[in-house]
Amino acid sequence: MTSGRRTRLTVLSGGVGGARFLQGLLHAQGAAGTDTEITVVANTADDLWLHGLKICPDLDTVMYTLGEGIDHERGWGRRDETWSVKEELAAYGGEAPWFGLGDRDIATHLMRTRMLDAGYPLTQVTAALCERWLTPGFGDRLRLLPMSDDRVETHIAVADDDAPSGRRVVHFQEYWVGMHAAVPAEAVIVVGQEKATPAPGVLEAIETADVVLLPPSNPVVSVGTILGVPGIREALRATTAPVVGLSPIVGGAHVRGMAEQLLGAIGVEVSAAAVAEHYGARSRDGVLDGWLVDTADAELVPRIEAAGIACRAVPLMMTDVDATAAMARAALELAAPAPPTRPAG
């Protein structure tokens, strides 16, 4: 892609799915070898304040996963976690019993909140936390940025016959963790997004990238909220780097999470092709140059290419790190320019 300097990859990531994709990308790149520099721009619209603490689920999931501190079975939170504080809060009838904070995890939130209270912006706080989790293994070759230092929160409108309007609005975490996304989402409301600004370094990471990758994170409340921060979509459209995404929909269903419920709330068909069309081609005022679909959706490739997006069908199930690394390599191959054609004779 380039010569004489590191290859720069920028990834717009949600939580669990994005973190697992990043593991594969690092594996494919030789654990971010000296010739590669990766910047992760993480969704922060899932953030919430709870028990007086600032919780950043997607930032922490990426940080713990890549720093080898994640609970692999759950896909979130700390490994070897204990739950004494959660149990004591429940005994007191503490707020939001559906959202449990592990004892080890609380230390991260205490440090983050202390630094925010001291006036440090979230970008600097995240960098300080990553000094423990990412710097020892990756040095300056892997950087984690919040999408914005401003407070942005996703809320979901659901039906409520007892409410005067016939609906009520809950924080995304209550919808996902407390309600298990078991009721239809009627609308997605991202509070504070229109006034937010990209965090320092975010636009530069997009503008100077060699490739920008959109992992198979939720297109509505992960990648979608990142794209909704004013200036980020414009930077994607202006960068000289190819922008390649991977479908979170396989065979007409989401692989993990609640993409099906939320795509319906914004009027998008639940299919790999419809998500690609939702993002749109850069040649037609969208953000994508390329899109990977699973082999189960190979018949959708012509439809996606007709929308102006280069497309290939490859296995997209992140069953292990090798399978995920193969996905990452396929995305980078799709981003690579076609070799020049030799003249006949």
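Treat the numbers as computed from the prediction; the structure is a model and nothing was measured.
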Could you walk me through whether Met63 and Asp60 pass side chain to side chain contact (heavy atoms under 4.5 Å, CB included), step by step?
CA-CA 5 Å; Met63 184 175 72; Asp60 290 346; 3.8 Å; yes
Does the side chain to side chain contact (heavy atoms under 4.5 Å, CB included) test come out yes or no for His27 and Asp322, once each step is laid out?
CA-CA 8 Å; His27 188 64; Asp322 289 327; 3.0 Å; yes
Start with the C-alpha distance between Val152 and Val191, add both sets of side-chain angles, then the distance that settles side chain to side chain contact (heavy atoms under 4.5 Å, CB included), and finish with yes or no.
CA-CA 6 Å; Val152 180; Val191 179; over 6 Å; no
Could you check His109 against Leu50 for side chain to side chain contact (heavy atoms under 4.5 Å, CB included), going step by step and ending with a plain yes or no?
CA-CA 10 Å; His109 309 315; Leu50 186 65; over 6 Å; no
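Cluster annotation: Leu48 is connected to Ile106 through the hydrophobic network of ILVMFWY side chains, with a link wherever side-chain heavy atoms come within less than 4.5 Å. Using a 4.5 Å cut-off between side-chain heavy atoms of Ile, Leu, Val, Met, Phe, Trp and Tyr, with links allowed through other members, Phe172 and Met179 fall into the same hydrophobic cluster. Side-chain heavy atoms closer than 4.5 Å link hydrophobic residues (I, L, V, M, F, W, Y) into clusters, and following such links, even through other members, never connects Val321 to Leu246.
A donor atom on one side chain and an acceptor atom on the other are not found under 3.5 Å apart for Thr7 and Asp35.
For Ser222 (side chain) and Gly14 (main-chain N/O), no donor-acceptor pair under 3.5 Å exists by modelled atom type. Between the side chain of Arg112 and the backbone N or O of Lys54 there is at least one donor-acceptor pair closer than 3.5 Å. Counting only distance, with no hydrogens or angles, the side chain of Glu234 and the backbone of Gly231 share a donor-acceptor pair below 3.5 Å. Between the side chain of Arg329 and the backbone N or O of Ala28 there is no donor-acceptor pair closer than 3.5 Å. In this structure a side-chain-to-backbone donor-acceptor pair under 3.5 Å is missing from Ser247 to Leu292. At least one donor-acceptor pair closer than 3.5 Å links the side chain of His171 to the backbone N or O of Asp47.
The line from CD of Glu81 to CG of Asp71 is 8.5 Å long, rounded to the nearest 0.5 Å. Taken from CG in Asp46 to CD in Gln173, the straight-line distance is 5.0 Å, to the nearest 0.5 Å. Rounded to the nearest 0.5 Å, atoms CD (Gln193) and CD1 (Ile226) are 10.5 Å apart. Note: Leu9 CG to Ile38 CD1 = 5.5 Å, rounded to the nearest 0.5 Å. Atom-to-atom distance recorded for Gln23:CD and Leu25:CG is 11.0 Å, nearest 0.5 angstrom. Atom CG in Leu22 sits 12.5 Å away from atom CZ in Arg20 (nearest 0.5 Å).
Summarising the local packing, CZ of Arg237 is surrounded by more than 12 heavy atoms from other residues, nucleotides or ligands at distances under 6.0 Å. Sparse packing is recorded around CD of Glu73, with 12 or fewer heavy atoms of other residues, nucleotides or ligands lying under 6.0 Å away.
The shortest distance between side-chain heavy atoms of Ser13 and Phe21 does not fall below 4.5 Å. Inter-residue side-chain proximity for Trp176 and Thr154 is flagged as unmet; no heavy-atom pair is nearer than 4.5 Å. The closest side-chain heavy-atom distance from Ser271 to Asp297 is not below 4.5 Å. Looking at heavy atoms from C-beta onward, Ile189 lies out of side-chain contact with Ile156 at the 4.5 angstrom threshold. Using a 4.5 Å heavy-atom threshold, the side chains of Ile249 and Leu263 count as touching. When side chains are defined from C-beta on, Leu12 counts as touching Leu236, because their heavy atoms get closer than 4.5 Å. Tyr279 places a side-chain heavy atom less than 4.5 Å from the side chain of Leu227. Contact of the His278 side chain with the Val220 side chain is not registered, since no non-hydrogen atoms from C-beta on lie closer than 4.5 Å.
Here the closest non-hydrogen pair linking Ile70 and Thr61 is CD1-O, 4.1 Å. Of all heavy-atom pairs between Leu142 and Val40, the closest is CD1-CG2, 4.1 Å. Between Gln261 and Ala181 the shortest heavy-atom distance is NE2-O, 2.9 Å. Summarising the geometry of Ala331 relative to Leu213, their closest heavy-atom pair is CB-CD2, 3.9 Å, with the distance given to 0.1 Å. Here the closest non-hydrogen pair linking Cys311 and Glu305 is O-OE2, 3.3 Å. Across every non-hydrogen atom of Gly245 and Leu288, the tightest pair is N-CD2, 3.9 Å.
Residues Glu204 and Arg143 are not paired through a salt bridge, judged by the lack of any N-O separation under 4.0 Å between the basic side chain and the carboxylate. A salt bridge links Asp140 with Arg6: the closest approach of a Lys/Arg side-chain nitrogen to an acidic carboxylate oxygen falls below 4.0 angstrom. Asp289 has a carboxylate O that lies under 4.0 Å from a charged side-chain N of Arg282, or vice versa, which qualifies the two as a salt bridge.
Under the side chain to side chain donor-acceptor pair (under 3.5 Å) criterion, Thr82 pairs with Asp103, sequence neighbours left out. Residues forming a salt bridge (charged side-chain N to carboxylate O under 4.0 Å, His left out) with Arg151 (at least two apart in sequence, or on another chain): Glu153.
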Just distance, no hydrogens or angles: give the donor-acceptor pairs under 3.5 Å from side chains in residues 116-135, sequence neighbours left out.
| residue | atom | partner | partner atom | Å |
| --- | --- | --- | --- | --- |
| Thr123 | OG1 | Asp149 | OD1 | 2.6 |
| Thr123 | OG1 | Asp149 | OD2 | 3.2 |
| Thr126 | OG1 | Leu122 | O | 2.8 |
| Thr135 | OG1 | Cys130 | O | 3.4 |

